[in-house]
Asker: 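Below is the structure I would like to discuss, written out as structure tokens.
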Amino acid sequence: MDYLRLENICHSYGESRVLGNVNLGIEKGEFITLLGPSGCGKTTILKIISGLIEPTSGRVFLDGKDITDLRTEKRNMGIVFQNYALFPNMTVEQNVRYGLDVKKTGKNEAKEKVEYFLEMTDLLEYRGRHVDELSGGQQQRVAIARALSWDPSVLLLDEPLSNLDAALRMKLRDEIRVIQQKTGITTVFVTHDQHEAISVSDRIAVMNGGSILQFDTPKEIYNNPKDSFVRSFVGASTVVTEEEYRMLGGKKAFSVSPFVRPEQLEISDWKGTGVKGEVLDVVFTGAFYEYTVLFNGKEISVNRLNLGGYDMPEKGDTVELRLRNE
């Protein structure tokens, strides 16, 4: 049964429609991600769930109750914004405690909860510092601890990693998932980064143009996209004809145009018996060699794992192509 449900949600800003008839059901304790390009409506959905804006039409339900007309402070939602919205004049501990004080939580209970979430987010040693003395990653953890401290029904995360460098994004992405699993809180995460979405989500809602195009597990969305936009937005791919797919050894059926992912293809020295290709370019990325190969008159991308050897096809070589495990 759905714990959080959106029914026929539409929203417009003036004459500009940003959401059209969105339906979404989220189970209790689930981590779901709204994934899509800028302007697709994902943050608008988050604001409607939180009560920051009212939908033009449609209803929002939480645990079987219609909350569409409830004010934000009555919905018991924990929200982490892109800029964290921390109080610079307060210490880490005071920021985490803020929501508990607003709810007039008892002194002993508040102290226990602050201790618990500071420890969970690895912030105990920073409790007395002001937030402007912290790194971006530490500030992000303070924002999450504050959002969780008052036991919200749902945690809403609006691109909380977008201001961090790549290495820190990856580390904190994993930390968010660990915290969510420890608490079991129902979580809605907004991002335009497909790698973030695939790595942390139970299910992903891929959005474009104010609509949800596919809502499914990361594996299903990546391997079996139901829409050409989903295929192109989630992972690199090359569209091929059905005949070309069969030439490469493919057997499965598609609900969209046949395509191949770079990691699905094997590339090897030409032996005169397989499917021929010509290497147009090679990019070494460390873990992989990224090849651009001319196959049947079109360019196709192929990744080959770096196994530490040096006997690899080079630009200009004739090679053999085949699909793995087909």
Side-chain angles (χ1 to χ4, degrees), residues 3-4 28-29 31 43-54 60 62-63 67 69-164 168-169 171-173 175-191 200:
Y3 180 65
L4 176 63
K28 189 174 179 62
F31 191 122
T43 295
T44 299
I45 288 180
L46 208 71
K47 289 180 177 179
I48 288 172
I49 292 172
S50 69
L52 291 173
I53 59 175
E54 295 182 9
V60 181
L62 179 65
D63 200 16
I67 64 168
D69 300 322
L70 278 184
R71 292 163 53 183
T72 300
E73 60 269 26
K74 299 292 185 180
R75 296 193 183 197
N76 195 35
M77 304 275 181
I79 309 172
V80 178
F81 296 102
Q82 186 173 336
N83 63 358
Y84 311 143
L86 298 173
F87 302 112
N89 61 318
M90 294 184 183
T91 64
V92 168
E93 183 171 356
Q94 289 168 339
N95 266 277
V96 174
R97 189 186 174 105
Y98 177 78
L100 296 168
D101 291 338
V102 170
K103 292 180 69 172
K104 302 188 185 319
T105 305
K107 184 176 180 180
N108 291 335
E109 182 184 352
K111 181 179 179 181
E112 288 178 4
K113 287 187 173 182
V114 169
E115 291 290 321
Y116 177 75
F117 286 106
L118 285 176
E119 182 175 7
M120 177 182 288
T121 52
D122 199 23
L123 289 167
L124 280 173
E125 65 180 290
Y126 305 104
R127 64 191 309 157
R129 295 191 188 181
H130 284 80
V131 293
D132 57 4
E133 300 177 278
L134 304 178
S135 68
Q138 290 163 344
Q139 290 180 11
Q140 188 246 24
R141 294 205 298 272
V142 174
I144 291 174
R146 185 180 66 182
L148 291 171
S149 64
W150 61 69
D151 297 327
S153 302
V154 179
L155 178 62
L156 306 175
L157 303 170
D158 187 13
E159 303 221 36
L161 306 178
S162 60
N163 295 325
L164 306 176
L168 189 55
R169 283 182 74 136
K171 179 177 183 294
L172 293 179
R173 174 196 72 194
E175 288 183 3
I176 286 174
R177 181 55 165 160
V178 169
I179 291 168
Q180 188 270 337
Q181 289 177 323
K182 282 182 179 178
T183 60
I185 189 170
T186 306
T187 300
V188 182
F189 180 73
V190 165
T191 185
V200 300

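Note that this is a predicted model, so its numbers are computed, not measured.
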Asker: Flag yes if more than 12 heavy atoms outside Lys111 fall under 6.0 Å of its NZ atom; otherwise flag no.
Answerer: no
Asker: Do the side chains of Ile176 and Val200 get nearer than 4.5 Å, heavy atoms only?
Answerer: no
Asker: Shortest non-hydrogen contact from Ile79 to Ser50?
Answerer: CD1-CB, 3.6 Å
Asker: Does Glu54 have more than 12 heavy atoms from other residues, nucleotides or ligands lying within 6.0 Å of its CD?
Answerer: no
Asker: Nearest 0.5 angstrom please: Gln140 CD to Leu172 CG, how far?
Answerer: 4.5 Å
Asker: Could you tell me which non-hydrogen atom of Gln139 sits nearest to which non-hydrogen atom of Asp132, and how far apart they are?
Answerer: NE2-CA, 4.3 Å
Asker: Is a side-chain donor-acceptor pair under 3.5 Å present for Arg97 with Gln94?
Answerer: no
Asker: In this structure, are over 12 heavy atoms from other groups packed under 6.0 Å from Glu119 atom CD?
Answerer: no
Asker: Tell me, which pairs form a salt bridge (charged side-chain N to carboxylate O under 4.0 Å, His left out) where one or both residues lie in residues 140-164, sequence neighbours left out?
Answerer: Lys113-Asp151, Arg141-Glu175
Asker: Quick one: which of Leu157, Ile45, Leu4, Leu155 gives a side chain to side chain contact (heavy atoms under 4.5 Å, CB included) with Val188?
Answerer: Leu4
Asker: To the nearest 0.5 Å, how far apart are CD1 in Ile53 and CG in Leu46?
Answerer: 9.5 Å
Asker: Specify the closest pair of heavy atoms between Asn76 and Trp150, including all atoms of both residues, with the distance to one decimal.
Answerer: OD1-CD1, 3.6 Å
Asker: Looking at every non-hydrogen atom in both residues, tell me the closest pair between Arg75 and Ile48 and how far apart they are.
Answerer: NH1-O, 2.9 Å
Asker: Got a sec, which residues hit side-chain contact (heavy atoms from CB on, under 4.5 Å) with Glu73, two or more places apart in sequence or on another chain?
Answerer: Arg71
Asker: Distance from Leu70 atom CG to Met77 atom CE, nearest 0.5 Å?
Answerer: 9.0 Å
Asker: About how many Å separate CG of Leu156 and CZ of Phe81, when rounded to the nearest 0.5 Å?
Answerer: 8.5 Å
Asker: My understanding is that only residues two or more places apart in sequence, or in another chain, count here; which of them pass salt bridge (charged side-chain N to carboxylate O under 4.0 Å, His left out) with Arg127?
Answerer: Glu93, Glu115
Asker: Do Thr183 and Met120 come within less than 4.5 Å of each other through their side chains, counting heavy atoms only?
Answerer: yes
Asker: Nearest 0.5 angstrom please: Thr186 OG1 to Leu62 CG, how far?
Answerer: 8.0 Å
Asker: Any idea which heavy atoms bring Pro152 and Ala147 closest together, and the distance?
Answerer: CG-O, 3.2 Å
Asker: Measuring from atom CD of Glu125 to atom CG of Leu118, what distance do you get when rounded to the nearest 0.5 angstrom?
Answerer: 11.5 Å
Asker: Can you tell which of Thr121, Leu134, Thr91 makes a side chain to side chain contact (heavy atoms under 4.5 Å, CB included) with Tyr126?
Answerer: Leu134
Asker: Please check: side-chain N/O of Thr105 versus main-chain N/O of Ala110, any donor-acceptor pairing under 3.5 Å?
Answerer: no
Asker: Looking at Tyr98 and Met90, what are the two nearest heavy atoms and their distance?
Answerer: CD1-CE, 3.9 Å
Asker: Can you check whether Phe117 reaches Leu123 side chain to side chain, under 4.5 Å on heavy atoms?
Answerer: no
Asker: Check step by step if side-chain contact (heavy atoms from CB on, under 4.5 Å) holds for Arg177 and Arg173.
Answerer: CA-CA 7 Å; Arg177 181 55 165 160; Arg173 174 196 72 194; over 6 Å; no
